[in-house]
Novice: 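Attaching a single structure in structure tokens format; questions to follow.
Note that the structure is predicted; figures quoted are calculated from it, not measured. When reading the values below, keep in mind they use all heavy atoms of this one structure, side chains included, and skip hydrogens, waters and symmetry mates.
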Amino acid sequence: MNASELYEQRLTRFDDVLSRKLPDRVPIIPNMNTWMYHYAGISVKKAFSEDAGLQFEAAKHLTDNMPIDGLMSTSNTVPLKLAEKVGEGIYTCSDNGVQIKGSGGHLMEPEEYKLLAENPMKFFANVLIPRKFDLFKNASLEKKVDVIKQAFADNVEFMKYNRSANVRIEGELGLPIIIRGTNFLSPDVVLDYLRDFVGISLDVRRHSDELLAACMSLYDYILEMFHDTATPPDRKIIFSPLHLPTYLRPKDFAKLYLPFMKRYLEEMSVKQGYSVYFFMENDWMPYLDLLQELPDNAKFVGLFEKGNLKEMKAKLGKKMVIMGGMPVSLLLFGSKEEVIEKTKECLDTLAPDGGYIFSTDKTMMTLNDGKPENMIAACEYVEVHGKY
């Protein structure tokens with residue numbers, strides 16, 4: 001089988017699962033992030049900033065040694081030169097990946113929710129950007145324009161750099177790169193970039209109506225920005241990490257977060273044809289009944305970090321594709337036999353009737369997140385025993 005045929009076979013498995021069809025077997029898509037570079041003995045720093053060919057070599061080493069059906073991404077997601085140009089935090093790229101210091105998420109006060117709700121674009125441009133970036137507060141207009149032009153050029157270079165690796169990985173290895181783009185729900189934008197964890201936790205109790213109104217306006221602004229740059233659906237998915245929900249009481253989740261999940265799936269998936277990948281952090285067990293309100297005809301995947309997967313399958317298996325199941329802690333500390341037994345449990349519990357993608361429960365960053373021999377054993381077991 002040549003690379004083109006292999007690519008089509010692997011992507012078809014993913015298509016079938018999302019379309020609620022039975023694939024020939026359970027797709028294997030471990031959430032490996034920078035783990036694959038450490039496994040291949042390749043410098044993350046060099047692969048991300050000096051030689052895009054090293055991204056290809058890491059993926060090749062992976063496919064040479066274990067059966068997988070796709071990469072979520074090559075994990076090179078931060079345009080370091082652009083960030084440096086505008087003064088966004090203090091990014092460092094080492095062999096362990098990209099880290100950031102100094103980019104605080106407390107940028108606005110609750111009294112400003114009204115301004116955010118009235119006109120998000122105006123509030124960002126005239127208030128938040130100058131507040132966050134000294135460059136745009138003190139520099140001349142000519143300097144600002146020059147920096148924006150340079151930053152744009154740096155981002156184009158960054159995208160071209162990554163694209164060169166992606167083309168080789170998909171074209172020469174027949175290995176699909178699943179994530180096409182990233183988008184955030186508006187309550188998570190408020191948490192991550194505007195109010196920080198302490199601030200939004202207080203707002204949920206003291207300013208919930210103002211928070212909700214601001215998130216409604218911000219939601220429309222975020223989607224507008226997404227559609228300004230997004231590519232059409234092409235059998236790939238949009239990645240949306242869900243940060244806030246599990247810190248909310250169920251009644252607050254129902255008011256402040258669930259409406260955005262529903263609207264997002266109805267608009268992006270049901271109406272526009274995108275597939276969505278929700279990275280569902282922490283424990284979602286208290287919200288399973290509420291999630292019954294999500295649309296039945298949307299194409300979306302949920303990777304759960306914690307919880308009773310058997311109960312999740314029973315309550316949500318006809319509504320969404322469940323991804324995950326393999327604890328990274330077991331991959332690191334368990335024996336090969338224990339890993340195989342857990343893999344069998346995942347297949348027995350989650351694979352019946354389809355709607356399951358075998359993966360790890362958390363993102364794997366370094367070899368401290370899982371032994372290669374255990375990961376290989378798990379993937380090989382699914383390849384043989386995950387057939388329908």
Side-chain angles (χ1 to χ4, degrees), residues 77-79 82-83 86-89 103-133 135-137 144-145 147-148 151-152 155 159 179-197 199-200 203-204 207-233 237-245 248 252-253 255-274 276-279 295 298 300:
T77 58
V78 178
L82 184 154
V86 299
E88 163 56 10
S103 183
H106 186 155
L107 194 60
M108 60 170 280
E109 300 303 324
E111 294 78 16
E112 296 177 299
Y113 275 129
K114 183 178 179 181
L115 294 174
L116 178 59
E118 288 175 353
N119 192 323
M121 180 182 291
K122 182 178 179 180
F123 185 60
F124 270 81
N126 296 336
V127 178
L128 296 182
I129 290 178
R131 183 179 293 171
K132 183 175 181 65
F133 304 111
L135 171 67
F136 292 100
K137 179 168 56 179
K144 294 175 184 177
V145 171
V147 169
I148 291 173
F152 181 81
N155 193 51
M159 294 172 66
I179 294 174
R180 171 58 62 188
T182 300
N183 204 10
F184 293 84
L185 301 190
S186 50
D188 290 314
V189 172
V190 175
L191 165 64
D192 293 347
Y193 302 106
L194 304 182
R195 289 290 289 143
D196 224 331
F197 181 76
I200 200 169
D203 299 342
V204 167
H207 308 282
S208 63
D209 291 340
E210 295 92 334
L211 170 61
L212 180 61
C215 286
M216 287 292 186
S217 294
L218 186 58
Y219 174 90
D220 293 328
Y221 178 51
I222 292 169
L223 279 197
E224 181 180 345
M225 289 193 296
F226 176 81
H227 288 304
D228 283 343
T229 59
T231 55
I237 61 176
I238 305 169
F239 172 53
S240 296
L242 310 186
H243 296 157
L244 179 62
L248 298 172
D252 293 324
F253 172 81
K255 174 181 179 179
L256 298 172
Y257 204 94
L258 183 61
F260 297 100
M261 291 185 71
K262 291 169 60 177
R263 185 178 172 189
Y264 187 66
L265 290 172
E266 287 165 354
E267 292 182 359
M268 299 300 290
S269 182
V270 177
K271 294 180 181 179
Q272 299 183 39
Y274 286 95
V276 175
Y277 165 46
F278 286 144
F279 186 52
F300 72 108

Novice: Does anything in residues 210-221 form a side-chain hydrogen bond (donor to acceptor under 3.5 Å, both in side chains)? List the pairs, not counting sequence neighbours.
Specialist: Y219-E267, D220-R263

Novice: Just so I know, are the side chains of L116 and V127 near enough to count as touching, which here means a heavy-atom distance under 4.5 Å?
Specialist: no

Novice: Restricting to side-chain hydrogen bond (donor to acceptor under 3.5 Å, both in side chains), what partner residues turn up for S269, sequence neighbours left out?
Specialist: none

Novice: With Q272, which residues qualify under side-chain hydrogen bond (donor to acceptor under 3.5 Å, both in side chains), at least two apart?
Specialist: H227

Novice: Output yes when a side-chain donor or acceptor of D196 lies under 3.5 Å from a complementary backbone atom of G199, and no otherwise.
Specialist: no

Novice: Show the numbers, then the answer: is there a side chain to side chain contact (heavy atoms under 4.5 Å, CB included) between C215 and V190?
Specialist: CA-CA 8 Å; C215 286; V190 175; 4.0 Å; yes

Novice: What's the spacing between F278 CZ and I238 CD1 if we round to 0.5 Å?
Specialist: 9.5 Å

Novice: Quick one: pull up CG in L185 and CZ in F260 and give me the separation to the nearest 0.5 Å.
Specialist: 8.5 Å

Novice: Determine the minimum heavy-atom distance between L211 and Y113, stating which atoms define it.
Specialist: CD1-OH, 3.5 Å

Novice: D188 and Y193: side-chain donor and acceptor closer than 3.5 Å?
Specialist: no

Novice: How close do M108 and L128 get, counting heavy atoms only, and between which atoms?
Specialist: CB-CD2, 4.1 Å

Novice: With side chains defined as the heavy atoms from C-beta onward, is the minimum distance between M268 and F226 less than 4.5 Å?
Specialist: yes

Novice: List the atom of P241, the atom of N183, and the distance in Å for their closest heavy-atom pair.
Specialist: CD-O, 4.0 Å

Novice: Rounded to the nearest 0.5 Å, what separation is found between the CG atom of L248 and the CD1 atom of I200?
Specialist: 7.5 Å

Novice: Which heavy atom of L242 sits nearest to which heavy atom of M261, and what is that distance?
Specialist: CD1-CE, 3.8 Å

Novice: Identify the heavy atoms of A125 and P130 that sit nearest to each other, and give their distance.
Specialist: O-CD, 3.4 Å

Novice: Could you check L265 against V270 for side chain to side chain contact (heavy atoms under 4.5 Å, CB included), going step by step and ending with a plain yes or no?
Specialist: CA-CA 6 Å; L265 290 172; V270 177; 5.7 Å; no

Novice: Salt bridge check: are E112 and R195 linked by an N-O gap of less than 4.0 Å?
Specialist: no

Novice: As an exercise, state the distance from OH of Y257 to OG of S186, rounded to the nearest 0.5 Å.
Specialist: 8.5 Å

Novice: What is the minimum heavy-atom distance between L256 and P187, and which atoms define it?
Specialist: O-CG, 3.5 Å

Novice: Heavy atoms, side chains only, cut-off 4.5 Å: are Y264 and L223 in contact?
Specialist: yes

Novice: Looking at CE of M121 and CE of M225, how far apart are the two atoms once the value is rounded to the nearest 0.5 Å?
Specialist: 8.0 Å

Novice: Run the side chain to side chain contact (heavy atoms under 4.5 Å, CB included) test on R180 and Y277 for me, step by step, so that the C-alpha distance in whole Å, both residues' side-chain angles and the decisive distance to 0.1 Å come before the verdict.
Specialist: CA-CA 10 Å; R180 171 58 62 188; Y277 165 46; over 6 Å; no

Novice: Hey, could you give me the CZ/CD1 distance between F123 and I129, rounded to the nearest 0.5 Å?
Specialist: 11.0 Å

